[in-house]
2 protein chains.
Amino acid sequence: MTAPALPVMCAALGDATRWEILTRLGEGPMSASALARVLPVSRQAIGKHLDVLREVGLVESEQRGREVVHLAVGARLGALARELDRIGRSWETRLLRVKELAERPEPDAVP
Amino acid sequence: MTAPALPVMCAALGDATRWEILTRLGEGPMSASALARVLPVSRQAIGKHLDVLREVGLVESEQRGREVVHLAVGARLGALARELDRIGRSWETRLLRVKELAERPEPDAVP
DNA sequence: GAGATGTGCAATCTTTGAGTTGCACATGGA
DNA sequence: TCCATGTGCAACTCAAAGATTGCACATCTC
């Protein structure tokens, strides 16, 4: 799967219920019904959240007998983290350059 | 400012227009009106997005004469990235442990 | 001082998304 | 075989979020 756009990835993580789900799935594989027993939402709602998370690669699902178990994919979260870190650094360096220019009184005009 | 909860941070980043805004602000300080001239949304809409971004610390604002200029805060994005990376790693290690147990045929019953 | 530009607040509209209920179907175990 | 459990699909409700328009006020510039 190709990496989804940043806003889509972040939107998938921008919901409290989905974080609850991810936290459980981070501890081990679970079925939608099992999640529904633990969390205060219906199985159908959880199913939709799992769709969203699977869409961006944060969750993988596997048929296991009668049920389907889901699991959180840490590697995908790590990839997102690296990308965000890269962007944050670029903002910082540009900020530094702007400040440097501001503090230098007469930086010479461009030839 | 104390770090906002993860879902809130991610929700702030989970919108395409806000990413547009952040991208511009990452290149240098801009006013809301200047952003509205560049982006295909009204100044008021941009103002609300800036509120959201400022709320989670991704943008800082400064009165400069008649106008208010805004700037993207890379450090905040870096902090989020580190936290996501930490969580992603924890998922991976748990996954490894589960697989280890699964591959070991008879790991002794709990006493 | 007059006009242009930038900002803030409020009311409104519209769409999206989270959540629910209901029903049909498959599958594992007694 | 019967029943409990798990899943999938569809229609519906409801609130929140993105976006717009309109107006009042401040401030820089000519």
Side-chain angles (χ1 to χ4, degrees), chain A residues 4-25 27-72 80 102, chain B residues 4-25 27-72 80 102:
Chain A
L6 274 178
V8 180
M9 281 286 296
C10 293
L13 293 172
D15 181 272
T17 302
R18 280 199 283 271
W19 269 106
E20 289 283 340
I21 293 176
L22 282 174
T23 302
R24 309 291 177 136
L25 295 185
E27 299 170 356
M30 275 180 100
S31 72
S33 297
L35 285 166
R37 272 184 238 111
V38 177
L39 300 180
V41 286
S42 67
R43 173 185 65 85
Q44 283 79 354
I46 288 182
K48 294 185 187 178
H49 285 304
L50 288 173
D51 287 342
V52 174
L53 293 171
R54 200 179 318 106
E55 196 72 24
V56 298
L58 282 169
V59 157
E60 281 176 358
S61 308
E62 175 190 356
Q63 190 94 23
R64 188 178 295 183
R66 158 169 61 178
E67 58 187 16
V68 180
V69 292
H70 312 273
L71 188 66
L80 172 64
Chain B
L6 273 178
V8 180
M9 283 286 296
C10 293
L13 292 172
D15 180 271
T17 303
R18 281 199 281 273
W19 269 106
E20 290 283 341
I21 293 176
L22 282 174
T23 302
R24 309 291 177 137
L25 296 185
E27 299 171 356
M30 275 180 100
S31 72
S33 297
L35 284 166
R37 272 185 239 110
V38 178
L39 301 181
V41 286
S42 67
R43 174 184 63 84
Q44 283 78 355
I46 289 184
K48 293 184 187 179
H49 285 305
L50 288 172
D51 287 343
V52 173
L53 294 170
R54 201 180 316 107
E55 197 70 26
V56 298
L58 282 169
V59 157
E60 281 175 359
S61 308
E62 174 189 357
Q63 190 93 24
R64 190 178 292 182
R66 155 171 62 180
E67 57 186 15
V68 180
V69 292
H70 312 272
L71 188 67
L80 172 63

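Chain naming here is simple, since letters A, B, ... match the order of the sequence lines and numbering starts at 1 in each.
The stretch residues 60-70 of chain A touches DNA chain D through A/Arg66, A/Glu67, A/Val68, each having a heavy atom under 4.0 angstrom from the strand.
If one axis is set at each end of the helix from C/dG1-D/dC30 to C/dA30-D/dT1 from five pairs, those axes are 30° apart, to 10°.
Distances shown here put a side-chain N or O of B/Arg37 below 4.0 Å from the OP1 or OP2 atom of C/dG6.
Taking atom CG of residue B/Leu35 and atom C1' of nucleotide C/dG6, one finds them 13 Å apart after rounding to whole Å. One atom, CG of B/Leu50, and another, C1' of C/dC9, lie 16 Å apart when rounded to the nearest Å. Straight-line distance from the CG atom of B/Leu39 to the C1' atom of D/dA19: 14 Å, rounded to whole Å.
Every residue two or more places apart in sequence or in another chain that forms a side chain to side chain contact (heavy atoms under 4.5 Å, CB included) with B/Ser31 is listed here: B/Ser33, B/Ala34, B/Glu67. Looking at residues two or more places apart in sequence or on another chain, you find no side-chain hydrogen bond (donor to acceptor under 3.5 Å, both in side chains) involving A/Arg24. Remark: A/Glu62 engages A/Arg64, A/Val69 in a side chain to side chain contact (heavy atoms under 4.5 Å, CB included) (not counting sequence neighbours). With sequence neighbours excluded, no residue forms a side chain to side chain contact (heavy atoms under 4.5 Å, CB included) with B/Ala11. Looking at residues two or more places apart in sequence or on another chain, you find no side chain to side chain contact (heavy atoms under 4.5 Å, CB included) involving A/Ala16.
Pairs engaging residues 39-51 of chain B under the salt bridge (charged side-chain N to carboxylate O under 4.0 Å, His left out) rule: B/Asp51-B/Arg54 [sequence neighbours left out]. Sequence neighbours left out, the pairs with a member in residues 11-20 of chain A that pass side chain to side chain donor-acceptor pair (under 3.5 Å) are A/Arg18-A/His49.
Of the listed residues (A/Leu58, A/Val56, A/Val52), just one forms a side-chain contact (heavy atoms from CB on, under 4.5 Å) with A/Leu13, and that residue is A/Leu58.
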Starting at the 5' end of nucleotides 12-23 of chain C, put B wherever the base has a protein heavy atom under 4.0 Å, S where only the sugar-phosphate does, and a dash everywhere else. ------SBBBB-
